[in-house]
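What follows is a short report on a single structure.
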Amino acid sequence: MSADRFLGFAVTPLTRRRIDAFKANRRGLWSLVLFLVLFGVSLFAELIANDRPILVWYDGGLYAPFLKAYPETTFGSEFPTEADYSDPEVRRLIGAEGWMLTPPIPFSYGTVAWDLPVPAPSPPDAQHWLGTDDQARDVLARTLYGFRLSVLFGFTLTIVSAVVGVAAGAVQGYFGGWVDLSFQRFMEVWSSVPTLYVLIILTSIVEPNFWWLLGILLLFSWMALVGVVRAEFLRARNFDYVRAARALGASDPVIIVRHVLPNAVVATLTFLPFILAGSVTALTGLDFLGIGLPPGSPSLGELLAQGKANLQAPWLGITGFVVIALILSLLIFIGEAVRDAFDPRKAIAAAPPTPGLSAGIVEPAPSAPRPAE
């Protein structure tokens, strides 16, 4: 079977057909492009929204304040405290001996605007494009950082949950018997534990943070893929190629990883975008309830909670709703396109025709001429 090469990897005709089927779904393709662009922009949030300059040239030296904090004495002042680049005196000192390059949005997610013309939360204006929240922090900057934090949290939780769930499902389905039965009984008991109550109890004991929430949610989210992988292994463990590998002396880990797991991974890939959407929603919901990330963290759920508490400032709730709806819509559209690409019936219908194939019928090869008698 011939295979193309893409970035050094072999692309089989089946994989090529799936890629073409995904591209044929224009909504899913453009959703993927838009999501990657937004996520890529958010990765450089410190260069877009920051109360520190990107670069400062002063007295023949180049500084990067967005990466490192510098005292005011570095720029000719007498105070050893960290430089406040919005202070007119610090700006005058830097301007006298050099220049500084500031981000387009001169506010970070925790920057408090002390010079608002009206009490916070203030409406959108030329300085704060999406207004400020009830603590006088720029909404656009917090939205940008919150988008990145939510997506990174979702990616991390999805990847780790997928690894644990696939491993658990593979062990269950391959060995079967008492191993499968014991795992199933354990999952039935473990899935009945109320996750929200556990989080509420633990929040009253310890202060939650990014990794703490990730670990707690991982304890329950890994079960999402176990059933799919288990069913695939139960179906494939008695196939002829598995029996042949076992007869040739291959060990169980080798058979699981090399022979059966690739088939199970194909089935699980269609679920990953939906699990990612659920992970983002879980963090947003916890932050909305006040049992998520620490106070002050850039959080979309906390922005929604502020919109609920400040009905006189509709820009807070509208911004949070639009961003959350956009993230979930893009992930759902991507998930639907991936699901259709791995569906053999829809993939064949959506993919462009392969040369030599017409309506799924293979043209017969020309017969060899009969020898002369």
Side-chain angles (χ1 to χ4, degrees), residues 31 33-55 64-67 69 84-87 91 100-155 210 280-281 283-288 290 292-331:
S31 297
V33 172
L34 180 58
F35 179 79
L36 292 178
V37 169
L38 294 176
F39 181 58
V41 170
S42 68
L43 291 178
F44 300 94
E46 286 78 8
L47 300 178
I48 301 174
N50 206 331
D51 54 2
R52 297 178 179 180
I54 302 175
L55 294 175
F66 80 101
L67 293 177
D84 180 7
Y85 299 94
S86 62
D87 186 357
R91 301 176 71 91
M100 62 180 180
L101 177 63
T102 59
I105 304 173
F107 305 99
S108 184
Y109 66 87
T111 304
V112 177
W114 301 102
D115 55 348
L116 293 178
V118 295
S122 63
D125 54 26
Q127 189 176 19
H128 303 280
W129 299 344
L130 293 180
T132 61
D133 61 6
D134 56 5
Q135 299 184 36
R137 298 171 300 190
D138 188 75
V139 173
L140 181 56
R142 292 186 63 80
T143 301
L144 181 62
Y145 282 89
F147 178 90
R148 181 179 66 178
L149 182 62
S150 298
V151 175
L152 288 177
F153 182 89
F155 271 131
F210 182 93
V280 173
T281 305
L283 179 63
T284 303
L286 293 176
D287 290 334
F288 180 80
L293 296 172
S297 302
S299 168
L300 299 178
E302 191 256 353
L303 183 62
L304 290 175
Q306 287 202 26
K308 175 178 175 294
N310 299 274
L311 298 180
Q312 79 282 1
W315 56 88
L316 297 176
I318 292 175
T319 301
F321 171 78
V322 169
V323 174
I324 291 296
L326 179 63
I327 295 176
L328 298 183
S329 299
L330 294 178
L331 292 177

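Quick note: residue numbers are just sequence positions, from 1.
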query = Could you walk me through whether T143 and T319 pass the side-chain hydrogen bond (donor to acceptor under 3.5 Å, both in side chains) check?
reply = CA-CA 8 Å; T143 301; T319 301; 5.7 Å; no
ask   = Can T281 and L328 be said to form a side chain to side chain contact (heavy atoms under 4.5 Å, CB included), step by step?
value = CA-CA 8 Å; T281 305; L328 298 183; 3.4 Å; yes
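Looking at L149 and F210, their side chains come closer than 4.5 Å, going by heavy atoms from C-beta outward. A 4.5 Å side-chain heavy-atom check between K308 and F288 finds at least one atom pair inside the cut-off. The side-chain heavy atoms of L331 and F35, taken from C-beta on, include a pair separated by under 4.5 Å. Within the 4.5 Å cutoff, side-chain heavy atoms of I105 are placed close to those of D138. Annotation: side chain of L101 is not in contact with side chain of P53 (no heavy-atom distance under 4.5 Å). Side-chain contact check for I48 versus P103: every heavy-atom pair is 4.5 Å or farther apart. Contact annotation: the side chain of T102 never approaches that of R52 to less than 4.5 Å [non-hydrogen atoms, C-beta and beyond]. Side chains of P123 and V118 form a contact here, defined as non-hydrogen atoms less than 4.5 Å apart.
Remark: side-chain polar atoms of W315 are paired, donor with acceptor, to backbone N or O of T132 under 3.5 angstrom. Put simply, the side chain of D287 gets close to the backbone of L293: a donor and an acceptor are under 3.5 Å apart. Checked by atom type and distance alone, the side chain of S297 pairs as donor or acceptor with a backbone atom of P294 at under 3.5 Å. Judged by distance alone, the side chain of Q306 and the main-chain N or O of L316 form no donor-acceptor pair under 3.5 Å. Counting only distance, with no hydrogens or angles, the side chain of D125 and the backbone of Q127 share a donor-acceptor pair below 3.5 Å.
Listed here is the closest heavy atom pair of Q135 and V112: O-CG1, 3.9 Å. Nearest heavy-atom pair, Y145 versus A45, reported as atom, atom and distance to 0.1 Å: OH-O, 3.5 Å. Residues S42 and F39 approach most closely at OG-O, 2.7 Å, considering heavy atoms. In terms of heavy-atom proximity, A113 sits nearest to F107 at CB-CE2, 4.5 Å. Nearest heavy atom pair, residue T284 against residue V280, reads OG1-O, 2.9 Å. When all heavy atoms of A136 and A120 are compared, the pair lying nearest together is N-CB, 3.7 Å.
Taken from CG in N310 to CG in D134, the straight-line distance is 5.0 Å, to the nearest 0.5 Å. Atom-to-atom distance recorded for H128:NE2 and L116:CG is 5.0 Å, nearest 0.5 angstrom. L326 contributes atom CG, which lies 11.0 Å from atom CZ of F321 (distance to the nearest 0.5 angstrom). Interatomic distance, CG of D133 versus CG of L303, reported as 7.5 Å (0.5 Å rounding). For the atom pair OG of S150 and CG of L300, the computed distance is 4.0 Å after rounding to the nearest 0.5 Å. For the atom pair N50 CG and S108 OG, the distance stands at 5.0 Å (nearest 0.5 Å).
For E46, the side chain to side chain donor-acceptor pair (under 3.5 Å) test picks out R148, with sequence neighbours left out.
Salt-bridge check for R137 with E302: passed, with a basic side-chain N closer than 4.0 Å to an acidic carboxylate O.
Side-chain rings of F66 and Y85 stay apart, their centers remaining 6.0 Å or farther from each other.
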